[in-house]
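Worksheet: the structure to be examined is printed underneath.
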Amino acid sequence: MKHYTCRLLARRWLDAETFELTLSRPAHFGFAPGQRIDLHLGDSVRAYSLVSAPFEPQLTLCIARVAQGRVSPHLAEATLDSTLHFSGPFGYFLFRPSARPAIFVATGTGIAPFVCMVRAGFQKVTLLHGAADATRAHYGQWLAQRVAHYLACLSGPGVGEPPLPAYHGRVTDYIERHLCGQNYDFYICGRPDMVRDVVGIIDHRFPEARVRMEIFG
């Protein structure tokens, strides 16, 4: 396991509880799209997927602030130019092109590895992006302009029409009711309950599908 030191270069809030961190990139640090790093804060370690592409000069993370957490509240308030420590890269949540249509399924900060994959050039995919409303479909407008098919699956009440392609319902609802006709390669990233429910639907409706998953939270 390799350990690195970096500097906190920028912080950008995506909503009241979610923010993006930009870190300096240590020399000789490399990673594949979809991989993550472990940030170390004292005795606490938290894993975060990289949003930035492997060829970009800086590292970017998408982080949800957990009120009682040991790491995310500190990262939400850390002084710019402060020093951070991380190890990695880790993980096997990697895109593997095939003749099958690829379906990306994400909720919350689970969108992070998919942003990295799209930045790296994997754009001939369908991306189902679950969020309470359009303001929480982070990177949605950017993704909608780049992937073959993008759909924000909005589970909250919402007001008016969002400024991006949308389905009013959960990602599970869309997969169960509207996805049909082919075998797929599914890539799923988000909270455990979402991943469990999506895999259950796939097992029932698409038993020949290939499934890769990464659990957040």
Side-chain angles (χ1 to χ4, degrees), residues 9-23 25 31-36 48-64 93-156 158-175 177-182 184-190 194 198 212-214 216:
L9 301 180
R11 181 188 299 106
R12 180 170 73 98
W13 287 92
L14 304 179
D15 65 30
E17 298 299 332
T18 310
F19 58 96
E20 190 180 78
L21 283 189
T22 301
L23 311 175
R25 181 168 180 168
F31 64 97
Q35 287 192 305
R36 64 185 187 274
Y48 297 107
S49 288
L50 290 147
V51 173
S52 46
F55 56 80
E56 293 179 328
Q58 299 169 339
L59 303 178
T60 308
L61 309 174
C62 179
I63 299 172
F93 190 65
L94 309 176
F95 183 71
R96 303 185 187 280
S98 78
R100 301 180 178 212
I103 309 292
F104 290 177
V105 184
T107 54
T109 54
I111 196 65
F114 296 131
V115 175
C116 178
M117 291 177 189
V118 173
R119 283 180 169 167
F122 302 124
Q123 300 180 352
K124 294 180 179 180
V125 303
T126 294
L127 201 163
L128 305 178
H129 188 181
D133 56 56
T135 66
R136 301 185 190 181
H138 305 310
Y139 309 101
Q141 292 188 27
W142 183 88
L143 289 164
Q145 295 173 3
R146 287 163 175 81
V147 301
H149 303 286
Y150 173 91
L151 194 63
C153 297
L154 307 179
S155 57
V159 177
E161 291 298 318
L164 43 82
Y167 168 78
H168 293 283
R170 298 180 184 276
V171 292
T172 47
D173 298 333
Y174 185 85
I175 294 169
R177 299 175 184 177
H178 299 282
L179 203 62
C180 60
Q182 300 184 67
Y184 299 97
D185 288 345
F186 284 93
Y187 296 79
I188 312 165
C189 189
M194 183 278 288
V198 170
R212 295 181 174 86
M213 66 190 81
E214 184 98 318
F216 276 35

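From a predicted model like this one, the values you see are computed outputs, not experimental measurements. Counting from 1, the numbers follow the sequence of the chain as shown.
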Have a look at Leu143 and tell me which of Leu127, Leu164, Val125 forms a side chain to side chain contact (heavy atoms under 4.5 Å, CB included) with it. Leu127

Value for NE2 (His149) from CD1 (Ile103), rounded to nearest 0.5 Å, stands at 8.5 Å

Report yes if the side chains of Glu20 and His138 come closer than 4.5 Å at any heavy-atom pair, otherwise no. no

Quick check: closest heavy atoms across Arg212 and Phe93, and the distance to 0.1 Å? O-CE1, 3.5 Å

Let's go through His129 and Ile111 carefully: what are the C-alpha distance in whole Å and the side-chain angles of both, what is the deciding distance for side-chain contact (heavy atoms from CB on, under 4.5 Å) to 0.1 Å, and is it a yes or a no? CA-CA 7 Å; His129 188 181; Ile111 196 65; 3.9 Å; yes

Test item: Arg11 side-chain N/O and Phe19 main-chain N/O as donor-acceptor pair under 3.5 Å: no

Quick check for you: to the nearest 0.5 Å, what is the distance between Thr107 atom OG1 and Ile188 atom CD1? 10.5 Å

Can you tell me how far apart OH (Tyr48) and OG1 (Thr109) are? Round to the nearest 0.5 Å. 9.0 Å

Of all heavy-atom pairs linking Leu61 and Ser49, the shortest is CD2-O, 3.7 Å

Do Met194 and Phe216 have side-chain heavy atoms sitting under 4.5 Å apart? no

About how many Å separate CZ of Phe186 and CZ of Arg100, when rounded to the nearest 0.5 Å? 10.0 Å

Donor-acceptor pair, side chain of Arg119 and main chain of Val51, under 3.5 angstrom: yes

Are Leu14 and Tyr139 close enough, and set up right, to give a side-chain contact (heavy atoms from CB on, under 4.5 Å), and what steps lead you there? CA-CA 9 Å; Leu14 304 179; Tyr139 309 101; 3.8 Å; yes

Side chains of Tyr167 and Leu128: closer than 4.5 Å at any heavy-atom pair? no

Between Ala53 and Cys116 the two heavy atoms that sit nearest each other are CA-SG, 4.2 Å

Return the orientation label for the Phe95 and Phe122 ring planes: parallel under 30°, perpendicular over 60°, tilted otherwise. tilted

Can you tell me if Ser52 uses its side chain to pair, donor with acceptor, with the backbone of Thr60 under 3.5 Å? yes

Expected output: side-chain Gln123 to main-chain Val118 donor-acceptor under 3.5 Å: yes

Please find the pair of heavy atoms, one from Arg170 and one from Ser155, that lie closest to each other, and give the distance. CG-CB, 3.8 Å

Is there a side-chain contact (heavy atoms from CB on, under 4.5 Å) between Thr126 and Tyr184? Walk through the geometry before answering. CA-CA 10 Å; Thr126 294; Tyr184 299 97; over 6 Å; no

Atom pair CG/CG of Leu9 and Leu59 - distance to nearest 0.5 Å: 9.0 Å

For the NE2 atom on His178, are there more than 12 heavy atoms of other groups (residues, nucleotides or ligands in this structure) within a distance under 6.0 Å? yes

Please report the shortest heavy-atom distance between Ala112 and Cys62, naming the atom on each side. CB-CB, 4.2 Å

CG of Asp15 to CG of Asp133, rounded to nearest 0.5 Å, is 9.0 Å

Between Tyr187 and Phe114, does the ring centroid distance fall short of 6.0 Å? no

Minimum heavy-atom distance Tyr150-Gly140, with the two atoms named: OH-CA, 3.3 Å

Taking atom CZ as the centre, does Arg136 end up with more than 12 heavy-atom neighbours from other residues, nucleotides or ligands that are less than 6.0 angstrom away? no

